[in-house]
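Working notes for the structure below.
Just so you know, these numbers use all the heavy atoms, side chains as well, and skip hydrogens, waters and symmetry mates. Chain letters run A, B, ... following the sequence lines, proteins first and then strands; every chain starts at 1.
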2 protein chains.
Amino acid sequence: MNFSRTADTAGQTVTPGDIDAAARRLAGIAVRTHILESPLLNQALGCRLLIKAEPLQRTGSFKFRGAYNAISQLDAAQRQAGVVAYSSGNHAQGVAAAARMLGVPATIVMPSDAPAIKIANTRAWGAEVVLYDRERDNREAIGGAIAASRGADIVKPFDDPRVIAGQGTIGLEIAQQCAEMGITPDTVLIPSGGGGLTSGTALALSRESPRSAIWAVEPEDFDDTRRSLAEGRRLGLRPGGKSICDALLSPMPGEITFPLLKSLGVRGLAVSDAAVRGAMTTAFIHFKLVVEPGGAVALAAALDETNRQTMGQTIVCVCSGGNVDPALFADILAGSA
Amino acid sequence: MNFSRTADTAGQTVTPGDIDAAARRLAGIAVRTHILESPLLNQALGCRLLIKAEPLQRTGSFKFRGAYNAISQLDAAQRQAGVVAYSSGNHAQGVAAAARMLGVPATIVMPSDAPAIKIANTRAWGAEVVLYDRERDNREAIGGAIAASRGADIVKPFDDPRVIAGQGTIGLEIAQQCAEMGITPDTVLIPSGGGGLTSGTALALSRESPRSAIWAVEPEDFDDTRRSLAEGRRLGLRPGGKSICDALLSPMPGEITFPLLKSLGVRGLAVSDAAVRGAMTTAFIHFKLVVEPGGAVALAAALDETNRQTMGQTIVCVCSGGNVDPALFADILAGSA
């Protein structure tokens, strides 16, 4: 059963070679997104700030990378049985798009309060969407039951070595693109939910750019990774948190991702929703890029002068996605959200 | 005198070889901007729509290309005397940024009602900004007087072969990037003010992709190019027009650009401001790209089903810039502008 096979992965890990293999699978399929830079913003900040622009990725976020890397490895019988994913929206779209490209049926379990644009796009990619109540239901249980009934493979949002390796191709690209520009990042800042993007990217950079300091950045009420890294063990969220960063609300670092983050020396930082709004506006003005709240936390951290004092001259921020409802974006630009 | 030398260019033209030379000057300097595509939008439109994303260019618009191509050809004495430009904003920023990169002083004559972000950015690039009244003053006269007094070179916004050749590198890139994707555009749609971008791009495509139909797209109250192409001679604007497309308000096709457009078989189309607003929202949703009103006219034309009936299966739209004030963008996203 694919379901039990996927569950086994909790004891596994990921190597830089897995990321190289993912890069080969994604070549010519995923967008090698621009690294963007604004000399005027650099001038204002007194450092060199580079943006890895994943809103320009297929489906509007980095999640396509991991999803395609996972699904493209399924054999013919597994492809026929289909895939199941649970996601607040970006992983949903990534899995739905990758599944369609590969001719695999997809069922996505999504919270009923996910941004409308993410639910609509997931359906438009041809996936079956099953909604659940974020307060009442357990998405893993729902997804697991569906997968078991169909023999379908679960593509987990972060705790899956295939997904982590796919997201890690961002780290390879950052290193390659910076090398083409003749620079070495002092610091790389990465938005962190369950840690798939952060652990994969940190793993790639540990080989390609070992002198770069890596930070996992979270919303301040959802700083489980920061606290876990500080204590050296996985900690859950404190209750009652609120954030506009719908993509980063996962409750605890992953069983696979956390040991990677810890062994790679990644540190944690958190930012306020107000800082996120400011970062989204900065990305609009200086990079002409639509960044969603959760995708802007790393940029928000870099725009904080206190943070920057320890980050060196060359800072890369991953802007991880751009799937934000127009009304919310308009409110944020107008200063009223 | 540089001023008289530049004035002589009115009798000149541009060749595809000039665009090749511009591409060599811009290699590693200008961004080779992404061609973006949304399978979900394609599905809704029933064709393949590709976006050349020039908001991601340095200074947020294509204008950097022509400005850098022009200024980088000045000799040492000319560089010391500086450059003068007149512009509603994007050419201003392009000239200011290129001049600074090349160590050349720049003076920019701008209308006092240009978007605040364009005036602020031009100053931030270190240029001296001279404001004029769009209703009362003649910007060419003001710019000419400043240039004559300093022996400075005028970098015209469109009627300058160096500028046209620089903008034409977009045509080379479209052809190259489409070839890499294994496709040939049936139609290429290009925002048109004075015609520098359109004539340069059409010239490059006439050699690289001769079967692609080329359309110059304008706001409907500023359709001097469409009417001129229909009549076969340069016509000015009808009075009293209004448009949110501040980048496309030039009064007449250029002396150099119009004969090029005509000889290359370019045709004209116009779109309403309402269609432009819709195109800006589409670019936000599907491409995560900030496009300014004037930069969105080509996309607006392609989103019109009646237009699309004659455009074939593969349509490339140049989105030419993204320098729009946050308040206007917020109003447009919220549906109130």
Side-chain angles (χ1 to χ4, degrees), chain A residues 28 31-41 43-44 53-61 93 96-97 100-101 117 120-126 180-182 280-281 283-292 295 319 321-337, chain B residues 28 31-41 43-44 53-61 93 96-97 100-101 117 120-126 180-182 280-281 283-292 295 319 321-337:
Chain A
V31 179
R32 187 181 190 251
T33 54
H34 284 315
I35 294 252
L36 299 173
E37 182 174 17
S38 163
L40 294 188
L41 182 60
Q43 183 174 298
E54 284 291 295
L56 305 173
Q57 187 52 261
R58 284 177 183 271
T59 73
S61 91
Q93 291 178 77
R100 181 195 258 191
M101 288 171 77
I117 190 175
N121 284 350
T122 304
R123 287 193 171 123
W125 281 112
E180 288 162 13
M181 300 167 78
M280 290 169 71
T281 303
F284 170 91
I285 292 173
H286 287 281
F287 302 110
K288 313 309 173 194
L289 191 67
V290 177
V291 186
E292 66 182 272
C319 284
N323 293 308
V324 50
D325 280 334
L328 174 62
F329 197 82
D331 284 348
I332 287 171
L333 278 191
S336 57
Chain B
V31 178
R32 187 181 191 250
T33 53
H34 285 314
I35 297 250
L36 299 173
E37 182 174 18
S38 163
L40 294 188
L41 183 60
Q43 183 175 298
E54 283 293 292
L56 304 174
Q57 189 51 263
R58 284 178 183 272
T59 73
S61 90
Q93 292 178 75
R100 180 195 258 193
M101 288 172 76
I117 190 174
N121 283 351
T122 305
R123 289 194 169 123
W125 282 111
E180 289 162 14
M181 298 166 78
M280 290 170 70
T281 302
F284 169 91
I285 291 173
H286 287 280
F287 303 110
K288 313 308 173 194
L289 192 65
V290 177
V291 185
E292 65 181 275
C319 285
N323 293 306
V324 49
D325 281 333
L328 175 61
F329 197 84
D331 284 349
I332 287 170
L333 278 192
S336 57

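- Taking all atoms of both residues into account, the shortest heavy-atom contact from B:L333 to A:P326 is CD1-O, 3.7 Å.
- If you measure heavy-atom distances from A:E180 to chain B, you find no contacts under 4.5 Å at all.
- One finds the NE2 atom of A:H286 at 7.0 Å from the CG atom of B:N121 (value rounded to the nearest 0.5 Å).
- Of all the listed residues (B:N323, B:T59, B:I117), the one sharing the greatest number of non-hydrogen pairs under 4.5 Å with chain A is B:N323.
- Among all heavy-atom pairs drawn from A:H34 and B:R32, the shortest one is CE1-O, 3.3 Å.
- B:A327 does not touch chain A: none of its heavy atoms, backbone or side chain, sits under 4.5 Å away.
- Neither the backbone nor the side chain of B:E292 has a heavy atom closer than 4.5 Å to any heavy atom of chain A.
- With a 4.5 angstrom heavy-atom cutoff, B:L289 touches chain A via backbone and side-chain atoms both.
- In summary, of the residues considered (B:M101, B:R58, B:R100), a side chain to side chain contact (heavy atoms under 4.5 Å, CB included) with A:P39 occurs for B:R58 alone.
- Here the shortest heavy-atom pairing between A:F287 and B:L56 reads O-CD2, 3.6 Å.
- Here the rule is side chain to side chain contact (heavy atoms under 4.5 Å, CB included) with B:K288, and of A:V324, A:V290, A:V291 only A:V290 fits it.
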